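Here the structure is a predicted model, which means the values were calculated and not measured. Each chain gets a letter, A, B and so on, in the order its sequence line appears, and its residues count up from 1.
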Amino acid sequence: MSTLEIKDLHASVNGTEILKGLSLSVPKGEVHAMMGPNGSGKSTLAKVMAGHQDYEVGSGDVFLDGKSLLEMDVDERSREGLFLAFQYPAEIPGVSNANFLRAARQARLPDGEEIDAVAFYQEMYDKMAKLGIDKKFTGRSVNEGFSGGEKKRNEVLQMMMLEPKYAVLDETDSGLDIDALKIVAQGVNAMRSEERGFLVITHYQRLLEHIVPDHVHVLNEGRIIRSGPKELALELEEKGYDWLKEGELVKS
Amino acid sequence: MLLEEKPSVRSFLDSPEEAGEEFPDWYKNSRRDAWKSFQEIDWPKRSDEAWRFANLKKLSYEDLYDAKEVACNDIDRLVASALSLKENAGQIFFVNDRVVASPSLNEEFSKKGVIFKPLSQALIEDGDLVQNYFMTQNSRLGSAKYAALHRARLRNGFFFYVPKGVSLTVPVEVFHWVSGNSSSIFPHSLIVAGAGSSAMVAEYVTSIDDEISFCCGVSDIHGEENSELIYLRAQNLSEKAQSIHLLSTRAGLNSKLKTFNLDLGCEWVRNESVSRLVGEGASSEILAVSVPEKSQEFDMRTLQLHEQPNTSSNLLYKNTLYDDSKTIFAGMIVVEDEARHTDAYQTCRNLLMSDTCEANSMPGLEIKADQVKCSHGASTSPVSEDELFYLQTRGIKEPAARQLLTFGFVKEAVDCLENDFLEEVILGKLERRFKKIGVK
Ligand SMILES: Nc1ncnc2c1ncn2[C@@H]1O[C@H](COP(=O)(O)OP(=O)(O)O)[C@@H](O)[C@H]1O
Ligand SMILES: [Mg+2]
């Protein structure tokens, strides 16, 4: 029950099927890495789980601790405990980071209950400090004019503030230099717990040196073609994806 | 009710109203001339370029009268409900163009020669000074007839004069309320920032009741060399009111002027804004936010006129349209021959909150000088699905997410003021506005 479970998921965009029967299970307490060539459908999977309207789910389902995610509205999925750190986070002019986070936290309270502003700010500042984000970012519009790396850190800050049950990190390492990567990895590692599962999508083995996964999955053309231990990532780094694509589907 | 009516009614189209004996001759003459001009100038026609897209059917004045004098016995309550400044350097209060409470001005500033008083009083006490600045700016955007009407019928307003080198670190504040059916007011705002001075002004024009009324106002701002001035005008008249407002700024050598128009009320609004950059190095920021709903119609015409080199102007208008509301934006940047090294920007953005609202944008440019950086642009779109999705993925419910985004949209223009006093007032009024409109 305590898993994020993707079952035989088929999804298409503009009539083209991108996910072609994807199954994957991330139990709480584990970190799963998902690797795969460009265009293999990694971000599509992330956005389908989050509920993006451009993607049509043909069949299959995603269960969060046994509840069907696909039945829920986008915001409901988040409140239920799913978090997606976007590969390309949206910019929101005029909405300050602080007001945005506050609204997200407020949405988790019962009607009529107000967030404790002082405690909220304190917590936000503490978490920003951990991620090396300057205080002035609270007043800046969400992601507007942020560098690639600043946007990624901001995604991780949101994750830390929302404390999801399951987090999907889509290429959170891209745009980060090595120092920033370490800081972000520390932030993620500090959140690893028996109560939380991670699906870390990445292109490079580099991130996985810092966020060491329990399992690695390889996605190709909308299907998992290989799953294995963390060493699989190293192997992929050496040999590329082609040796897997040609071979038969191998299940771990 | 707070107010008690006294009789004395007259349609303002029927006959002129002469200035009283106590006023200077130049002013009496100006008023007579204006009445003549008003009668000579034709009413705007739809075929006039300056009135393109305008709904002239909305204009009919047969049943409008000069606002009556009313007794106001609870000014504190009015002020308390006005969402005004927490701190001010001085205040003037008008109901139906009559002063209804003692004007104030911080002694620190009156000692330094600052003048902040009702115009009716300034015309008598500081007539020569007022004359130098009074109605000296031509109407250039189509409302010469209304400018004449205003000059012929104005009853009051304020004169704010900041002498050379004086800085007011806190804004002065002017309240206009309108009361009674078919009431017309003609508030005049005359602001002079002397050389090297700096000041801020907040002016509010609000209805007390939800009756039909008409406001024909003029605000003229003169910034002498090296002065800095910020002017806010927040209009929240009744849903049945009509408003015409003619704003002009004249920015002298190295001066910095900022104006902000906030329009919330009225069934019909016509705002004209002329920003002249008459001294080298002058800069003007021209900002506006409007949030029309139902069948409100806001018509905005602007001119950024660069007359000297090294001047800059930046215009940002933001409209959030609900229901069947309509906006018209016609902006023009003119860079004269001598005005080399000019930077001029003009942006109008419309956020559509319904399928039936209508936003018209007509940006324009006329560049006669070399070495000029200019851009103009307009955009019209509904709330961005990507932004909405992003907020929802953080658990924020759709109505709350939409509110955050619409508020964020207008806040961008407010942020350009870079003035905490005025921003707080504007955001407070916008918050109340969005709350009233609710989620649509
Ligand atoms: N909104 C969309 N419209 C059209 N094609 C899309 C859209 N989103 C994704 N695709 C296509 O789906 C495929 C998978 O894309 P994506 O999931 O972004 O891959 P990855 O993240 O693995 O690089 C690509 O071929 C991409 O072009
Ligand atoms: Mg991707």
So, Tyr88(A) versus Tyr390(B), ring centres under 6.0 angstrom or not?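 Centroid distance Tyr88(A)-Tyr390(B): not below 6.0 Å, so no.
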
Is the [atom1] atom of [X] crowded by more than 12 outside heavy atoms at less than 6.0 Å?
{"X": "Lys436(B)", "atom1": "NZ", "answer": "yes"}
{"X": "Lys7(A)", "atom1": "NZ", "answer": "no"}
{"X": "Lys318(B)", "atom1": "NZ", "answer": "yes"}
{"X": "Asp355(B)", "atom1": "CG", "answer": "no"}

Keeping the roles fixed (side chain from Arg79(A), backbone from Gly395(B)), state whether a donor-acceptor pair exists under 3.5 Å. yes

Enter the distance from [X]:[atom1] to [Y]:[atom2] here, rounded to the nearest 0.5 Å.
{"X": "Glu398(B)", "Y": "Asp75(A)", "atom1": "CD", "atom2": "CG", "answer": "8.0 Å"}
{"X": "Arg394(B)", "Y": "Met161(A)", "atom1": "CZ", "atom2": "CE", "answer": "13.0 Å"}
{"X": "Leu391(B)", "Y": "Ile92(A)", "atom1": "CG", "atom2": "CD1", "answer": "4.0 Å"}

What residue in [options] has the most heavy-atom pairs under 4.5 Å with chain B?
{"options": "Gln53(A), Glu76(A), Arg105(A)", "answer": "Gln53(A)"}
{"options": "Leu84(A), Leu82(A), Val74(A)", "answer": "Val74(A)"}
{"options": "Ala103(A), Ala107(A), Ser141(A), Pro93(A)", "answer": "Pro93(A)"}

Locate the shortest heavy-atom distance separating Glu412(B) from Gly94(A); write the atom from each residue and the value.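 In this case the closest contact between Glu412(B) and Gly94(A) is CG-N, 4.2 Å.
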
Could you report the tightest heavy-atom contact between Thr393(B) and Ala50(A), atom names first, then the distance? CG2-CB, 4.2 Å

If I measure from the heavy atoms of chain B, does [X] come under 4.5 Å with its side chain, its backbone, both, or neither?
{"X": "Arg77(A)", "value": "neither"}
{"X": "Glu91(A)", "value": "backbone"}
{"X": "Asn143(A)", "value": "side chain"}
{"X": "Pro164(A)", "value": "neither"}

Proximal component of Asp386(B), with respect to chain A [non-hydrogen, under 4.5 Å]: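 Asp386(B) touches chain A through backbone and side-chain heavy atoms alike.
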
Apply side chain to side chain contact (heavy atoms under 4.5 Å, CB included) to residues Asn99(A) and Phe407(B) and explain how you reach the verdict. CA-CA 11 Å; Asn99(A) 281 347; Phe407(B) 201 76; over 6 Å; no

